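For reference, positions follow the sequence shown, starting with 1. Keep in mind it's a predicted model, so treat the numbers as computed, not measured.
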Amino acid sequence: MIEARRLHILRAVADHRTVTAAAAALYLTPSAVSQQLAALEQETGHRLVDRNARGTRLTPAGEILLSHANAVMAQLERAEAELAAYGSGEAGTVTLAAFATGIGLVVAPALGALAREAPGIRVRVRDAEGDESLLMVLDRQVDVAVAVEYRGAPGEDDARVTRVPLYAEPFDAVLPRGHRLADDERTALADLAKDAWIGQSAGNPCHDVTVLACEYAGFAPTLEHISDDFRAVVALVGAGAGVALVPRSALRGTDLTDVVVRPVDGAAPTRRVFAAVRRGAEEHPLIRPVLDALREAAGPGAVREP
């Protein structure tokens, strides 16, 4: 008989790609994770993981078992949701991870609505970048993630998660006030090919947006400065340290005295934001109202335009 908790460990190893990282996410020791994997291999009669200097990957047998593990975990989430519904599920705590501007745009308004309409539901919020929050959901550290589309993000057909689209917003070009293109109504990214750039750290979804947008414009940006705080990015631009792409919502409440903000000419790079839960948990009587409140706060088909 295969134990469900060992399937959860197998999925964590597949997600994190090393035993050490999976152990940290699951609050276990690496030796405990290795022991559980060994026990799972004994239960199934197959070698499930390969370890090498670059990390840990699943064998073909491991991949087969992982596909079933995803289905099992989703069904367990559905069972939990139905049991919670049977017991009314009108009161309890939901944990939610979101990036800073997402908290301001949709999470905080959603919490206000829930306080009025579902006062028995308590939501605990954690600040996390869009890529981090998805792993937190899969590792059961939180129930809901407000995340950003990025290369490698679980797709809509991913068997592990259910996604709820929330909103999309364009990135604007932020230039020093004395920049040679400051008087243009719109900014063509190709015209900034020789400028110094201020970007986000690798792994931050906004880093991918900046790099890909510049690549589509025909050049690789020279990232002279790195910050994941957009207030710091705008301050560096204002000091003449470079140019940047910043999501429109992140400019709200930011001191723009020393910069100019211009729409990007042509198809603007876009940040797409969605909520995600473990597949099967979307009908949980505590989680469903949270997802509904987030969707309502975002607005139907919301796009953050000028």
Side-chain angles (χ1 to χ4, degrees), residues 1-80 95 97 99 126-145 147-163 200-208 211-212 226 228 274 276-281:
M1 178 70 70
I2 297 174
E3 291 192 19
R5 64 190 179 95
R6 290 175 181 155
L7 294 179
H8 181 51
I9 289 172
L10 180 71
R11 188 162 81 174
V13 170
D15 288 337
H16 293 277
R17 300 182 182 177
T18 69
V19 167
T20 300
L26 297 172
Y27 301 102
L28 298 172
T29 64
S31 62
V33 169
S34 295
Q35 290 170 9
Q36 292 299 318
L37 289 175
L40 186 59
E41 289 181 328
Q42 187 174 6
E43 287 173 346
T44 60
H46 293 278
R47 185 166 54 87
L48 302 174
V49 297
D50 280 329
R51 295 182 177 87
N52 55 48
R54 292 177 296 180
T56 303
R57 66 178 183 84
L58 299 191
T59 64
E63 292 288 353
I64 291 172
L65 184 58
L66 178 63
S67 67
H68 290 284
N70 289 332
V72 169
M73 300 304 289
Q75 192 59 42
L76 288 174
E77 293 287 351
R78 293 187 188 98
E80 186 176 321
T95 53
F99 58 99
R126 295 178 58 177
D127 191 321
E129 291 298 332
D131 54 332
E132 297 172 347
S133 61
L134 286 170
L135 282 176
M136 292 167 71
V137 164
L138 291 172
D139 292 334
R140 302 184 70 86
Q141 296 178 26
V142 299
D143 301 307
V144 182
V148 177
E149 193 69 65
Y150 64 94
R151 286 185 289 187
E156 294 182 359
D157 60 347
D158 193 291
R160 300 170 298 170
V161 297
T162 295
R163 295 171 31 144
Q200 287 66 57
S201 55
N204 185 316
C206 291
H207 171 87
D208 285 352
V211 171
L212 287 174
I226 301 294
D228 292 328
F274 59 92
V277 299
R278 292 180 294 277
R279 189 170 290 273

Check your understanding: Could you give all pairs that pass the side-chain hydrogen bond (donor to acceptor under 3.5 Å, both in side chains) test and reach residues 132-141, with sequence neighbours left out?
Key -> H16-D139, E77-R140

Revision key, fill the gap. Residues passing the side chain to side chain donor-acceptor pair (under 3.5 Å) test with T95, sequence neighbours excluded, are D143

Point to revise | E149: partners by salt bridge (Lys or Arg N to Asp or Glu O under 4.0 Å), with sequence neighbours left out | key: R163

**Study point:** Pairs involving residues 4-30, ordered by first then second residue, that meet salt bridge (charged side-chain N to carboxylate O under 4.0 Å, His left out) (sequence neighbours left out)
**Key:** E3-R5, E3-R6, R6-E43, D15-R160

Exercise for review: Search all heavy atoms of P205 against all heavy atoms of V148 and return the closest pair with its distance.
Suggested key: CB-CG1, 3.9 Å

Study note, to complete from the structure: All heavy atoms of I64 vs all of S67, minimum pair found to be O-OG, 2.6 Å

Exercise for review: List the steps and the verdict of side chain to side chain donor-acceptor pair (under 3.5 Å) for T20 and T18.
Suggested key: CA-CA 5 Å; T20 300; T18 69; 5.1 Å; no

Check your understanding: Considering all heavy atoms of both residues, which atom of R278 and which atom of V137 are nearest to each other, and what is their separation?
Key -> NH1-O, 2.8 Å

Review point. Do F99 and D228 have side-chain heavy atoms sitting under 4.5 Å apart?
Key: no

Check your understanding: Taking all atoms of both residues into account, what is the closest heavy-atom pair of R51 and S34, and its distance?
Key -> NH2-OG, 3.6 Å

**Study point:** Counterpart residues, salt bridge (Lys or Arg N to Asp or Glu O under 4.0 Å), relative to R57 (two or more places apart)
**Key:** D50

Point to revise | NE2-OG1 distance between H68 and T44, expressed to the nearest 0.5 angstrom | key: 12.0 Å

**Study point:** salt bridge (charged side-chain N to carboxylate O under 4.0 Å, His left out) contacts in which one or both residues fall within residues 27-36, not counting sequence neighbours
**Key:** none

Exercise for review: Can you measure from CG (L26) to NE2 (H8) and round to the nearest 0.5 angstrom?
Suggested key: 5.0 Å

Revision key, fill the gap. In this structure, CG of L65 is separated from CG of L58 (nearest 0.5 Å) by 8.5 Å

Practice item. Could you tell me whether the side chain of L10 reaches within less than 4.5 Å of the side chain of V49, counting heavy atoms only? Key: yes

Check your understanding: If only atom types and distance count, is the side chain of T59 paired as donor or acceptor with the main-chain N or O of L48 below 3.5 Å?
Key -> yes

Revision key, fill the gap. The reported gap from CD in Q200 to CD in E129 (rounded to nearest 0.5 angstrom) is 8.5 Å

Check your understanding: Roughly how far apart are L40 CG and H46 NE2, rounded to 0.5 Å?
Key -> 11.0 Å

